[in-house]
Number of protein chains: 2
Amino acid sequence: MLVDVDNRKKARAGRPRGFDAEEALEQALIVFWRQGYEGATLTDLTEAMGITRTSMYAAFGNKEELFRRAVDRYTEGPGAYVARALEEPTARAVAAALLNGAVRATTRPGYPTGCLGVQGALATGAPGRRAHDVLTAWRNYGGSCVADRFRRAVAEGDLPPGTDPDRLARYLTSVSYGISVQAASGIGRDDLQQVADTMLLNWPPATFA
Amino acid sequence: MLVDVDNRKKARAGRPRGFDAEEALEQALIVFWRQGYEGATLTDLTEAMGITRTSMYAAFGNKEELFRRAVDRYTEGPGAYVARALEEPTARAVAAALLNGAVRATTRPGYPTGCLGVQGALATGAPGRRAHDVLTAWRNYGGSCVADRFRRAVAEGDLPPGTDPDRLARYLTSVSYGISVQAASGIGRDDLQQVADTMLLNWPPATFA
DNA sequence: GTGGTACCGTACCGATCGGTACTGAACTGG
DNA sequence: CCAGTTCAGTACCGATCGGTACGGTACCAC
């Protein structure tokens, strides 16, 4: 496969693509989000994307690659609150942004409830193993970023000395994932916000060894 | 279909069943647990159960019914800690039993990681909708039982007056579901126990307003 | 024994799975 | 214009999906 080094506006030879790949990916993302990797069939996906199977395979490779691309888009779109949260100036603000962001992202009107990173491929058969691994890595990477952020907070005196940043990060992300599961169960935004608020009211939690 | 009113030891006419239905159900439970409803094929299930498709359909009806039976067995087996937790004498003991039970059940050696009730059918396509609904109801029922237990605790003065039992239950179950997701991500038992311990160290959480 | 009944295994069902070969059509560079 | 390239739609691929028809077998009541 030739690498398209110059992928700017310069028109390539041949018939130009007849659909917006980003918009199509957005629709695929929504299907994966609502139905999970295994529950989303090629027919479901391409119908939502408004293109044929052939066009999908030409543009994205295969179902697995499409899923990967959808996860990337999710990370930069509905899941972007995570990266933004990590840039907050204090550990408390990080926790608040993460929890409030989770509540909003998992109950966004017009979008599926819950979190793609949680429900996209939590338990799968053999054909979905790759997707499962992708999301497991996605979750664990996110958790490690939070841990790193808290490590810095401890070093900066922003968190009590002796705080275990890994433990605190795991606790925080657990609540975040719990919110996602509750959202997928149909719990409303206000009730989930109470969960987030409850955690923030008790922040930072005692964690003495 | 005739209802088998007298299903006790009295031998029915015809050739007796050549396998242990309970043991077969246990194996099916494990497959559903690890692969989810949609990810578990009839071939996966029957091979694990050690019986043919015909025997499975004769004994359990169809895949959906088998899943329901597996969920029931899960509730009475690995998930029995929930019912036991609700019988603890204090709200704190309830929370401790629930969290410790979740940690142990989701990281049981020889069993799949995570919780069947969470990962069995969190996001599905149309064919898995029933399974999805079954587990959503399962989770919400469990949550309502915890809320009822906390309502009693408030009435008994076991929790601070003004405590919102629904809110507290949602918070607790969220952490429990979060533990399940983390377990499915491969987080080990010790690390998950820290999550449970962290919550218990901060119990009961402040929930004013 | 004999008839009736339920279990078991094979072999198969239509439908759908993810993925592709092939045929034109639409465009660019020369 | 023409040659070369890429896109799109149809029609199809083998494999597998959940589910079943059917014939043989093992057991019970009588």
Check: B:Trp138 ring centroid to B:Phe67 ring centroid under 6.0 Å: no
message: So if I take residues 25-37 of chain B and measure heavy-atom distances to DNA chain D, which residues fall below 4.0 Å?
response: none
query: Looking only at side chains, do B:Arg167 and B:Thr207 share a donor and an acceptor under 3.5 Å apart?
result: no
message: Let me confirm one number: the CG-CZ distance from B:Leu135 to B:Arg68, rounded to the nearest 0.5 Å.
response: 10.5 Å
- request: State, without any angle test, whether A:Ser176 and A:Thr173 hold a side-chain donor-acceptor pair at a distance under 3.5 Å.
  value: no
- prompt: Does B:Asp133 pair with B:Arg130 as a salt bridge, N-O distance under 4.0 Å?
  reply: no
Sub-3.5 Å pairs of nitrogen or oxygen atoms, protein against nucleotides 3-5 of chain C:
none

message: Taking the basic N atoms (NZ, or NE/NH1/NH2) and the acidic carboxylate oxygens, is any pair closer than 4.0 Å for B:Arg69 and B:Glu65?
response: no
Intermediate values then yes/no, side chain to side chain contact (heavy atoms under 4.5 Å, CB included), A:Trp33 and A:Gln119: CA-CA 7 Å; A:Trp33 191 349; A:Gln119 71 206 27; 3.5 Å; yes
Can you give me the N/O atom pairs linking the protein to nucleotides 19-22 of chain D at distances under 3.5 Å, or say none if there are none?
unit_1, atom_1, unit_2, atom_2, d
D:dG19, OP2, B:Tyr57, OH, 2.7
D:dG19, OP2, B:Lys63, N, 3.2
D:dG19, O5', B:Tyr57, OH, 3.0
D:dG19, N7, B:Arg53, NE, 3.1
D:dG19, O6, B:Arg53, NE, 2.8

- prompt: Atom CZ of A:Phe60 to atom P of D:dA8: distance rounded to whole Å?
  reply: 11 Å
- prompt: Between A:Pro127 and A:Tyr37, which heavy-atom pair has the shortest distance, and what is it?
  reply: O-CE2, 3.8 Å
task: May I ask you to decide if A:Pro205's main-chain N or O and A:Tyr171's side chain share a donor-acceptor pair within less than 3.5 Å?
output: no
- request: Would you mind classifying the nucleic acid contact of B:Ala40 as base, sugar-phosphate or nothing, using non-hydrogen atoms under 4.0 angstrom?
  value: sugar-phosphate
message: Is there a side-chain contact between A:Thr43 and the phosphate of C:dC17, meaning an N or O under 4.0 Å from OP1 or OP2?
response: yes
query: Distance check: side-chain N/O of A:Ser55 vs OP1/OP2 of D:dA8, anything under 4.0 Å?
result: yes
field: A:Thr52 side chain near D:dA8 phosphate (N/O to OP1/OP2, under 4.0 Å)
entry: no
field: Any donor-acceptor N/O pair, A:Asp44 side chain to A:Ala40 backbone, under 3.5 Å
entry: no
query: In whole angstrom, what separates B:Met49's CE from C:dG9's P?
result: 13 Å
task: For A:Arg73 and A:Phe32, run side chain to side chain contact (heavy atoms under 4.5 Å, CB included): C-alpha distance rounded to whole Å, both residues' side-chain angles, the deciding distance at 0.1 Å, then the answer.
output: CA-CA 12 Å; A:Arg73 187 177 175 88; A:Phe32 279 132; over 6 Å; no
- request: Find the distance B:Phe67:CZ to D:dC17:C1' and express it as a whole number of Å.
  value: 18 Å
